[in-house]
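The structure appears below as structure tokens.
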Amino acid sequence: MRLYNTMSRRLEEFAPSGDEVKIYVCGITPYDRAHLGHAMSYIIFDVLRRYLEFLGFRVKHVQNYTDIEDKLIMRANAQGVPVSELATRYIEEFDEEMRELNITPAHLFPRATQEIPTIIEMIEGLVEKGHAYQANGDVYFRVRSKSDYGKLSGRDVDSMRAGARVEPGERKEDPADFALWKGAKEGEPSWESPWGPGRPGWHIECSAMSFRYLGETLDIHGGGQDLIFPHHENEIAQSEAYTGTQPFVRYWLHNGWLTFGEEKMSKSLGNIITIREGLEKYGADGVRLFVLTSHYRSPLSYSEEALESGKRAAERLRLAATLPGGNGPPADVPVEAYRERFVEAMDDDLNTPEALAALFDLARDLNRARDEGRAIEEPQATLHELAAVLGLTLREPETAMGAAPFIDLLVRLRNDLRAAKQFEQADRVRAGLGELGITLEDGPEGTRWRRG
RNA sequence: GGCGACGUAGCCAAGUGGUUAAGGCAGGGGUCUGCAAAACCCUGAUCGGGGGUUCGAAUCCCCCCGUCGCCUCCA
């Protein structure tokens, strides 16, 4: 499989360094509800993981929660609740949404606040080696102590100086230096440390957690493109300076943006559609189709029409995979050819649009065979299997099931009317169910109904 | 200013030197159906604009137009 490595800016053949693939994906800072942009990112890395496992790799996947951070503190103080409570609330919500999106859980979900000893140990090591220094209870990373700083994002320290932010009261040696540890301020949660009470800076938690759970070198580190700088750049600096081992990460993967109209969808712009809303309107498969019909490194633009299109497309695949075939001879759908097409597309830097095109062609082929009355178990099994690699369940949303007996009753009533050629009344029943979101389909084997 | 991305049918979106430019959604025509729905069949683009390289370019080079992202909040 070839993957685009942000570090080399090229496609590279992927091979893990050991007998398992070590993946670290940057998780959320749980200070607000998650939106479709987050869904996009985690769907993409879920597909990466599923595909690696499909290829037979053993994967160890770690995803963190940055549950201590400026915005989290501000938000918690504004609401008058402890930071930990606010974080836990959004983490639980996020977990549930990930579950509903059918995202395979990471093997470990460490939280920054539960890794303070590792973080302190790492900062101490950096200070000892001269890569970090203490100033007023803060500790900063000395960017100039690492000559290759900027290698991921393609910038050099000198050209960054003009734009670097220095907060009043900070005692940085260089404006580009960044905080590893922040001395406690009034009203902030804090932990004891050799530099006095304080809390970790933004980037160190990921270095600490990835080191503790995956070791000095990761195979794959993923996240959104906005994390390239400064977050991932700083992680590299810290981790490589601390361990003395290069590289920290062998393959850097970054997904493109979800945009809203022409702008990036982000919390700070306030133009977000929450995951909850997406799930309710379009279903998990619909949201996944929306995301996966575009290549992961390209920007993806939100529109109701595009999501609706994803929902309809998911329905098409679902019906193809689930409606029963006939009793005739087995269909001669070339499933191996479709499988090869799928694998070839996925091998090419996770080209999910191409992979999906193969699934849609398989679906058409299979539908044609069903129309001919052939047995279609084999192509359906293949469709299910490959769709699962993309995390698609192809299952009907499990809602309104309590209403099923009543719907069945109405369907029987309508069929009595049809048998009596009372079509006007029969159509009224169908239209009424339609308004309630139930679609009826009459076929040779009787009437079936579905949502949507 | 520095670094980067993008512009392909009504919409979303693959394809990055060579068969008729994937696929999805929407639309039109047809088959099936009591009528529908679903499904199937048929149906649409010469690839932002201009110039160049080449036997041959959506794909490479140059110029222009337009859009967006990052540059220490952000998946």
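Note on naming: letters A, B, ... go to the chains in the order of the sequence lines (proteins, then strands), and numbering restarts at 1 for each one.
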Residues in residues 292-299 of chain A with a heavy atom under 4.0 Å of RNA chain B, by number, are Thr293(A), Ser294(A), His295(A), Ser298(A), Pro299(A)
Residues in residues 99-113 of chain A with a heavy atom under 4.0 Å of RNA chain B, by number, are none
Problem - N or O in side chain of Asn367(A) less than 4.0 angstrom from rC40(B) OP1/OP2 - result: yes
Which part of the nucleic acid, if any, lies within reach of [X] when heavy atoms closer than 4.0 Å are counted: base, sugar-phosphate only, or nothing?
X	result
Leu440(A)	base
Arg364(A)	sugar-phosphate
Gly37(A)	base
Asp70(A)	nothing
Gly27(A)	sugar-phosphate
Ser153(A)	sugar-phosphate
Phe360(A)	sugar-phosphate
Arg418(A)	base
Tyr42(A)	sugar-phosphate

Quick note, Leu323(A) side chain, CB onward, closest among rA38(B), rG24(B), rG10(B) is rA38(B)
Checking rA38(B), rA22(B), rC70(B) against the side chain of Arg450(A) (C-beta onward), the nearest is rA38(B)
Closer than 4.0 angstrom, basic N to acidic O: yes or no for Asp46(A) and Arg50(A)?
yes
> Hey, does the side-chain of Asp427(A) have a donor or acceptor N/O within less than 3.5 Å of a partner on the base of rG34(B)?
Replying inline: yes
Notebook entry, point to check: Can a donor-acceptor pair under 3.5 Å be found between the side-chain atoms of Arg430(A) and the base atoms of rA36(B)?
Noted result: yes
Paired with [N] by Watson-Crick or G-U wobble geometry, both distances under 3.5 Å: which nucleotide is it?
N	result
rA21(B)	none
rG69(B)	rC3(B)
rA39(B)	rU31(B)

Any side-chain donor near an acceptor of the partner, Tyr42(A) and Glu97(A), under 3.5 Å
no
Ile91(A) atom CD1 is separated from rA75(B) atom P, nearest whole Å, by 13 Å
request  = Rounded to whole angstrom, note down the C1' distance from rG28(B) over to rG66(B).
outcome  = 33 Å
